[in-house]
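To keep things clear, I will list the structure first and then write my remarks on it.
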Amino acid sequence: MKLWSTAKIRESKGVCKLPCLTAYDYTCARLADAAGIPLLLVGDSLGMSVLGYPSTLPVTLDMMLHHTAAVARAARDALVVADMPFLSYQISQPEAFRNAGRFLQEAGADAVKIEGGAFRASLVATLTENGIPVLGHIGLTPQSVNVLGGYRVQGRTREAADQLVADARALAAAGAFAVVLECVPPDVAAAVTGACPVPVIGIGAGPECDGQVLVMNDLLGLSDGPPPRFVRRYAKLDAVLGEAFRAYADDVRDGAFPSPEHCYATLD
Ligand code: KIV
């Protein structure tokens, strides 16, 4: 049995903070799992972080299944949540249910994440009632970037903040085991967190949430260009990797690699 289940995540509310991360591949997921990260989100941010797309919209179900399976093979203790990509859950509930089920049945995920507030409550209920745990996602929902008019801070008016509180409550009432809250002012996040009976996991939402999630590439210093304001870089792997690649190239050009210890002996 894994250390982390949806029940344990839910019961963490008010008990301990949840440091969550995105993960897209076996190696990084193995290291994050071993470091004690309770929840690994295979985010559709992989479109930008790993695949070089300008947004999450080109990410397909097949891409998500492929990366989720790699992360699931690595996660001994962490809960693995697969992000349902654009068009995989919006068209109809039967289609959403079939696609969500594939993440658990074929890719080894423990749960799925879907974007949207109270208007998704009925889908969240259908999935959870049929054995598929759901992580909600409100605030800045990147799959709606074209409707929102850009990657903008959400919940800045009283009305919008009240709507976020209502959304979080509705998702929890429908069975979501936790809710991601993206890019809102800290006081709004505090109100949502206080009103929501399940953990609220913030990203760009200040310190009052029940947990935090960061895009792994941002945390490692591997993002393409400056990361958003809410990111703290815990490493500068871009410099470390660049230096390793340059040193290797220099050694090959100079004939310094391979050296005798890297060569096989003949038998006679
Ligand atoms: O796709 C993703 O990585 C996400 C997180 C930023 C919450 O949705």
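Numbering of ligands and ligand atoms starts at 1, following listing order.
Salt-bridge check for Asp238 with Arg233: passed, with a basic side-chain N closer than 4.0 Å to an acidic carboxylate O. Using a cutoff of 4.0 Å between basic side-chain nitrogens and carboxylate oxygens, Asp210 and Lys13 are scored as salt-bridged. Salt bridge absent: Arg246 and Asp250 never bring a charged side-chain N and a carboxylate O closer than 4.0 Å.
Residue-ligand proximity, Asp83 to ligand 1, at heavy-atom distances under 4.0 Å covers atoms 1 (O), 2 (C), 8 (O). Shown in contact with Gly43 at under 4.0 Å from a heavy atom are these atoms of ligand 1, numbered in order with element: 1 (O), 2 (C), 3 (O).
Assignment of Lys113 to the shell around ligand 1 is supported, since a heavy atom sits closer than 4.0 Å.
Looking only at protein heavy atoms, the nearest one to atom 3 (O) of ligand 1 is Ser45 OG, 2.5 Å. The protein atom (non-hydrogen) at minimum distance from atom 5 (C) of ligand 1 is Leu41 CD2, 3.7 Å.
Residue Thr22 touches ligand 1 through its side chain alone, judged by heavy-atom distances below 4.0 Å. When non-hydrogen atoms are compared, ligand 1 lies under 4.0 Å from neither the backbone nor the side chain of Thr56. Residue contacts with ligand 1, taken as heavy atom pairs separated by less than 4.0 Å, involve Ile203 solely via side-chain atoms from C-beta onward.
More than 12 heavy-atom neighbours from other residues, nucleotides or ligands sit within 6.0 angstrom of OH on Tyr151.
For the side-chain contact (heavy atoms from CB on, under 4.5 Å) with Pro133, the qualifying choice from Ile9, Asp110, Leu104 is Leu104, the only one to do so.
The two residues Met64 and Asp44 have their closest heavy-atom pair at SD-CA, 3.8 Å.
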